[in-house]
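Below is one structure, written out as structure tokens; comments come after it.
Keep in mind that what you see is a predicted model, and the values were worked out from it rather than measured. Residue numbers start from 1 in every chain, and the chains themselves are labelled A, B, ... in the order their sequence lines are given, proteins ahead of strands.
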Amino acid sequence: MPEKPYDHIAIELKWHERWQNADFYKAEENSSKPKFYVLEMLPYPSGTLHIGHIRNYSIGDALARYKWMRGFNVLHPMGWDAFGLPAENAAIANKVPPRQWTLQNIAAMKKTHRRFAFSYDWDREVSTCEPEYYRWNQWFFLQMLERGLAYRKRALVNWCPKCATVLANEQVVDGCCWRHEDTPVEQRALDQWFLKITAYADQLLDDMAQLEGGWPDRVLTMQRNWIGRSEGTEVDFRLEGTGEPIRVFTTRVDTIYGATCVILAPEHPLNETLLDADLKVRAKAMVDSRAGRDPGDIDKEGIFTGHYAINPYNGERVPIWIANFVLMGYGTGAIMAVPAHDERDFEFCTKYGIPIRPVIRPADLPSGESVALPYSEYGIVENSGEWSGLPSAEARRKMSAFAEQQGFGKPAITFRIKDWGISRQRYWGTPIPVIHCPACGVVPVPEDQLPVVLPDRIEITGAGRSPLENVPEFVNVACPKCGEPARRETDTMDTFMDSSWYFYRYCDPHNSERPFDSAKIAYWFEIDQYIGGIEHAILHLIYSRFFTKMMRDIGLISNNEPARRLFTQGMVIAEGAKMSKSKGNVVGADMLADKFGADTARMFVLSNVPPEKEVDWREAGAEGTYRFLGRVYRFVTRNVPLEERSGDADRKVLRKLHQTLKKITEDFETRWHFNTCIASIMELVNLLYAEEQNISAAAMPQILETLALMLAPFAPYLSQEIWETLGGEGPVFRRAWPEFDPELAKEDEAEIVVQVNGKVRSKITAPFGTPKESLESQALADEKVQSFIGGKQIVKVITVPDKLVNIVVK
RNA sequence: GCCCGGGUGGCGAAAUCGGCAGACGCAAAGGACUUAAAAUCCUUUUUCCGGAAACGGGAGUGUGGGUUCAAGUCCCACCCCGGGCACCA
């Protein structure tokens, strides 16, 4: 047959229509097949999919299709992280209600999803802004409230003036808002709801051992740093005069004989009684000048309080200072300064003339010599009374135990991670299900009254209080306990709450009795492969690990961790620049589908670089991918059916075919370097072009069929079209993945590189398994080799069977 | 400052276990087809030296050293780029 031009529009439209109501992508509930849960992070429904989304989904889709072809029962769902601020901002800007705006966006994006033929089980679609979903957010909140894992407290919280709401610590980046990188976050004192993620700090840290190998090290390191566990000792110094304890936290209690002052954070509560009016003003100024600044640029400053503290170990009297480098939010907000063995203390005490007294010496330091200060390593304790002579580690242990015995301290563990503040003073989120009653206090909404539904009619102003406060029918409510008039909580939940457990809901998305049926979770969990952006390394991924542990502890699930494997794909940049709305260089998915076709776009984002690396969108590059798909299509159409030809190249082409298949199969099972997979398919096609006239009519259909199957995970439309052209029936991505034949993939003869002194001088061929001696003599006899070794002495010959002979001469 | 990545042609990159550096793609140049262009197909393309050419030889994976018969790959030191954490006691 004459070849047909590659008309991507016609091909994709045709199959798009035929697949409209198809149900190939449904996960089976009762299946004898092994299960595989592949998940891509759910998008925020901003209105359009861009090429970054396409990359994320193309990776997951290739894997899902491959797993189906390998005979797995695949769960591959998609949903919408539908609550959040942009909907409110759009409402203010365009006078469209957030709900309407969100639903329109979802509809538009879903259409694009379908154009790209991503293999989702849309029956399981979850949208977090629907009461059927967020009622379970409320339910989880109540469960946590009951167990003391949710609590309310007045606290200094991060406030973004642009978002006009509170941010979690995880949402503050370099002192600025994560959504507004140029807006410094302010501190405000507000009554807020918190989730006690710190109760799980140890588990979150320890269970990372289970994730090693399955999660990128980078992500684990970031989480480890974020949790920031440190082991040390709490010690009470005593305020001279009153004897009031001043508790400090230290990781180096072994250096405590070298403590020459105690330093409090400027906002330490003790300052209230310690400082006079004048000093209080200066302390306040210290707090203010620190706000929003990079710690590296702040000079250490301190003020002597005029008071003294007593070191409980040696009874020594040391001055009490306040200083800007001591943080209220970490440890106890007070430290002992040991300038000889801590760089920061050294800098501070040097500046203010506070004595520096060494109490640790390096174990290998010759006696009589002294060490350069500050010396912050471990060593041998000296000048420390009865503890002198002990190594640091042992001294830490014994001195901590001593503190506990004597009742002036104890071993202690401090974490950097803080409880998760979830209150948001905004409308478009899950209402927090509590009622404030003047008589009964905070009263949880009874379970049978869930969901607390967000009212629809609302005016959104963007002012600094929840718009819900202005909706009397929402706010005014009878107290569930006493029946008297009360007020509903008007703050809504952080949207990260929604995304902390959505992947469980996919397993049982329509359950109206419970968040899900535990048996279904037991079947599908853990997620076999989770795929998303590195930007969620801390936020979403730590919250969802916390949720999993909480859900386990209330008896809903039995898995410890949500996802066995995590893959973080690289960003897509456009023509060398980071994509952003303001630059107007966002590459939209619909444009891609129009101009190049979904197959080209999908395949392009997997080409050229491994998926974990950043990829640069270049139009010329996409044209290259398009050219390749055209080459494939034209080759197939002109070779079906095929008149008889020699078949001289059959062996050669079949070998390449099976080598390609081997490579792709191995990559899917291990490292996912789809760029090299696609490159090897290109090599195969290049060979098909070169040998087109020498492939027999018997071999060709087998070759083309395998080619269609190999392309199925990457270019579903084209591979289906080819499949049909070849007379295949049904969806190509439900056929079995072709097994490669190691015999066919093998070369006939080994090519042996012959080196002289490590430089390649010649190549010989020999059957596989040729003995060393035979290879050596062949190599030595080689004409080219002779010219390099003639007249020289052969020192030795190294032979690697089937690979290489290296002749060393002098 | 600490902890991770990374540095290879004009460009994106490949080389998976220490064994032929530069697969594949882009861009560029030349050719075929065409009245012409586009599309398509074919060829060339790390660099220097010699040669009319086939070809031959040298150098070459951030820099300097080392291990080895053999190093992009392993070890040591340094430089640069990206990311994370950061007065965390």
So does A:E301 pair up with A:K351, basic N to acidic O under 4.0 Å?
->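 Looking at A:E301 and A:K351, the cut-off is not met.
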I want to check one thing: is the phosphate of [N], taken as OP1 and OP2, less than 4.0 Å away from some side-chain N or O of [X]?
X	N	answer
A:N675	B:A14	yes
A:S230	B:A89	yes
A:N686	B:G25	yes
A:R634	B:C41	yes
A:K663	B:A15	no
A:R631	B:C42	yes

Any donor and acceptor pair, going by atom type alone, linking the side chain of A:Q659 with main-chain N or O of A:A745 inside 3.5 Å?
->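 Between the backbone of A:A745 and the side chain of A:Q659 there is a qualifying donor-acceptor contact (under 3.5 Å).
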When the [atom1] atoms of [N] and [M] are considered, how many whole Å apart are they?
N	M	atom1	result
B:C26	B:G51	P	36 Å
B:A27	B:A15	P	23 Å
B:G12	B:G7	C1'	15 Å
B:A13	B:G83	P	16 Å
B:U16	B:C55	C1'	35 Å
B:G72	B:A14	C1'	11 Å
B:G9	B:U73	P	15 Å

Using a heavy-atom cut-off of 4.0 Å across all strands, would you classify [X] as base, sugar-phosphate, or nothing?
X	answer
A:E343	nothing
A:N608	base
A:P5	nothing
A:R229	nothing
A:I538	sugar-phosphate
A:K759	sugar-phosphate
A:R627	sugar-phosphate
A:T250	sugar-phosphate

Positions of residues 611-622 of chain A (non-hydrogen atom under 4.0 Å from RNA chain B), listed by number |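 A:K613, A:A620, in order of number.
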How about A:F237 and A:F408: are their ring centroids closer than 6.0 Å?
->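 A:F237 vs A:F408: aromatic centres not under 6.0 Å.
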A:F668/A:F674 aromatic ring centres below 6.0 Å =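 Yes; A:F674 has its ring centre under 6.0 Å from that of A:F668.
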For [N], does the base pair up with any side-chain atom of [X] as donor and acceptor (N or O, under 3.5 Å, distance only)?
X	N	result
A:E751	B:C20	yes
A:N225	B:C85	no
A:K796	B:C69	no

Decide whether a cation-pi geometry holds between A:R357 and A:Y257; the criteria are a distance under 6.0 Å from NZ or CZ to the six-membered ring centre and an angle within 45° of the ring axis.
->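 Ring-cation test returns no.
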Polar contact flag, side-chain donor to acceptor under 3.5 angstrom, [X]-[Y]:
X	Y	answer
A:R645	A:N639	yes
A:N686	A:E683	no
A:T676	A:K663	yes

